[in-house]
**Student:** 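One structure follows; several queries about it will come next.
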Amino acid sequence: MRLSRYFMPILKETPKEAEIVSHRLMLRAGMIRQQTSGIYSWLPLGKRVLDKVAQIVREEQDRSGAIEMLMPTIQSADLWRESGRYDDYGKEMLRIEDRHERDLLFGPTNEEMITDIFRSYVRSYKDLPLNLYHIQWKFRDEVRPRFGVMRSREFLMKDAYSFDLDYESSKVAYDRMFVAYLRTFARMGLKAIPMRADTGPIGGKLSHEFIILASTGESEVFCHRDYLDLAVPGEGIDFADAASLAGIVDRWTTPYAATEEMHDEAAWADVAEGDRVAARGIEVGHIFHFGTKYSEPMKAVVTGPDGKETPVFMGSYGIGPSRLIAAIIEASHDEAGIVWPKGVAPFDIGIVNMKPGDADCDAVCETLYAELQAADHDVLYDDEDNRAGAKFATMDLIGLPVQVIVGPRGAKVGEVEIKHRAGGERETLPATDVVRRLA
Ligand code: ATP
Ligand code: MG
Ligand code: MG
Ligand code: MG
């Protein structure tokens, strides 16, 4: 992409309404624009990051055996009356009436709809296990939308729903998602710590929130230091091997970890003082086993091997890709701007032409731009006629992992400079070596 033809409205001023760094940087980098309270447009740069984050989520869901589909944003109130949640959900639900005076709502989540789909088609245990997911916009009329896309009213969610014959097999489904989540967040350069979460009136211990430690997080969290260097399972992990999944979940749930609602002072006192991490955290994912809470009232039943009908065991598993982007920035930035981890950067490489119009600079830049794209990199080429200082500031602000800087003196002798955004290391090398160097 040539910057001169792109749409990347950088803000020079720091927006006053933004209280936390990710919100400020997303506005300044021209990633998002608020349309009304808690509702955002994703401008081109932001849209690229959203797509990359959603793609990582998708790849790890697929790897674990979940199957993608797409449900609508608008739902019928009748389904929610069946489960009893239409009245329970309260004011967070945006209720709509159509021209025929039928009650609709903008979905805050999809348990009812997926249960309805399941019961319409699946009859036998032979079709299980099944895990269906979608990545779709949700709406929750939050009392206090704030911090940009961190707590917005309209937000993107990946929500998966598992269906199994009994508790034991639904526990395996839960473990699969647990492990998929560990991999998903690690691929985004994040350390997400699974913390026991409240299961509410359903009980049981199968609910975990995945939390990123960050000083701007909304919840207070307590965990053992061991979590900071636990190894995340590699991509070779066998999702059909229930025992090894359970082993991983065991390792990741044994050291103490809890959010304030679940915090247990007595257990915390048993953690050696030097091992205690008391911090603030951001909830980026939440997995939940709820058994037959929806299948029973909504009559989603399957026939087991014994010929008897039983309500199907279910779980639901959410990740917020839009909130994740803010969380990634909270975890990875410096004074100059965003520092994108490799897998989620809007472009992999930025080329800075320090003197557009200079024949050598233009020629070196054009060649590199073509070669790097041919080598499968996403490249943003700053070909704009602008002060060098402003160009560098913009590149640092938008945080691409690598900058290739082309100035007139170097270009004359065929040399360019590479700057790594994260550590700030610089190296000068022949322009002809750049593609190999960045391979
Ligand atoms: P919170 O405690 O922050 O209100 P939640 O517990 O209500 O979140 P869940 O119902 O567990 O959220 O939804 C799954 C995921 O969706 C969350 O872990 C989070 O990543 C994302 N999410 C929820 N609410 C919002 C929101 N208002 N804005 C952005 N993302 C959200
Ligand atoms: Mg909430
Ligand atoms: Mg929560
Ligand atoms: Mg939650």
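As the structure is a prediction and not an experimental result, all values here were calculated from the model. Whatever order the structure lists them in is the order used to number ligands and atoms, beginning at 1.
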**Student:** At under 4.0 Å between heavy atoms, is it the side chain or the backbone of Val149 that contacts ligand 1, or both, or neither?
**Tutor:** backbone

**Student:** Output yes when Asp378 and Arg48 qualify as a salt bridge under the 4.0 Å nitrogen-oxygen rule, no when they do not.
**Tutor:**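 So Asp378 pairs with Arg48 through a salt bridge.
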
**Student:** Give yes or no for whether the N/O distance cutoff of 3.5 Å, strictly under, is met between Ser152 and ligand 1.
**Tutor:**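 Among all N and O atoms of Ser152, at least one is under 3.5 Å from an N or O of ligand 1.
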
**Student:** Atom 4 (O) of ligand 1: which of Arg151, Lys158, Arg140, His286 has the nearest heavy atom?
**Tutor:**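 Among Arg151, Lys158, Arg140, His286, the closest heavy atom to atom 4 (O) of ligand 1 comes from Arg151.
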
**Student:** What part of Glu142, side chain from CB on, backbone N/CA/C/O, both or neither, has a heavy atom under 4.0 Å from ligand 1?
**Tutor:**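 Looking at Glu142 and ligand 1, just side chain atoms fall under 4.0 Å.
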
**Student:** Quick one: does Phe155 get an N or O within less than 3.5 Å of an N or O on ligand 1?
**Tutor:** no

**Student:** Regarding ligand 1, does Gly318 bring an N or O atom to under 3.5 Å of one of the ligand's N or O atoms?
**Tutor:** no

**Student:** Do ligand 1 and Ser322 have nitrogen or oxygen atoms that lie under 3.5 Å from each other?
**Tutor:** no

**Student:** Nearest heavy-atom pair of Tyr294 and Phe290: which atoms, and what distance?
**Tutor:**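 That closest heavy-atom pairing would be CD1-CE1, 3.3 Å.
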
**Student:** For Tyr161 and Asn131, which I'm curious about, is there any donor-acceptor pair between the side chains at under 3.5 Å?
**Tutor:** no

**Student:** Measuring to the Mg ion (ligand 3), does Glu283 have an N/O/S atom at a distance below 2.8 Å?
**Tutor:** yes

**Student:** Test of understanding: given a 4.0 Å heavy-atom threshold, classify the contact between Met157 and ligand 1 as side chain, backbone, both, or neither.
**Tutor:**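 Side chain only; the backbone of Met157 stays clear of ligand 1.
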
**Student:** When you compare the side chains of Tyr256 and His263, does any donor N or O come within less than 3.5 Å of an acceptor on the partner?
**Tutor:** yes

**Student:** Between Arg119 and Glu82, does any NZ, NE, NH1 or NH2 come within less than 4.0 Å of an OD or OE carboxylate oxygen?
**Tutor:** yes

**Student:** Can a non-hydrogen atom of Met150 be found less than 4.0 Å from any atom of ligand 1?
**Tutor:**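 Met150 counts as a contact of ligand 1 under the 4.0 Å cut-off.
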
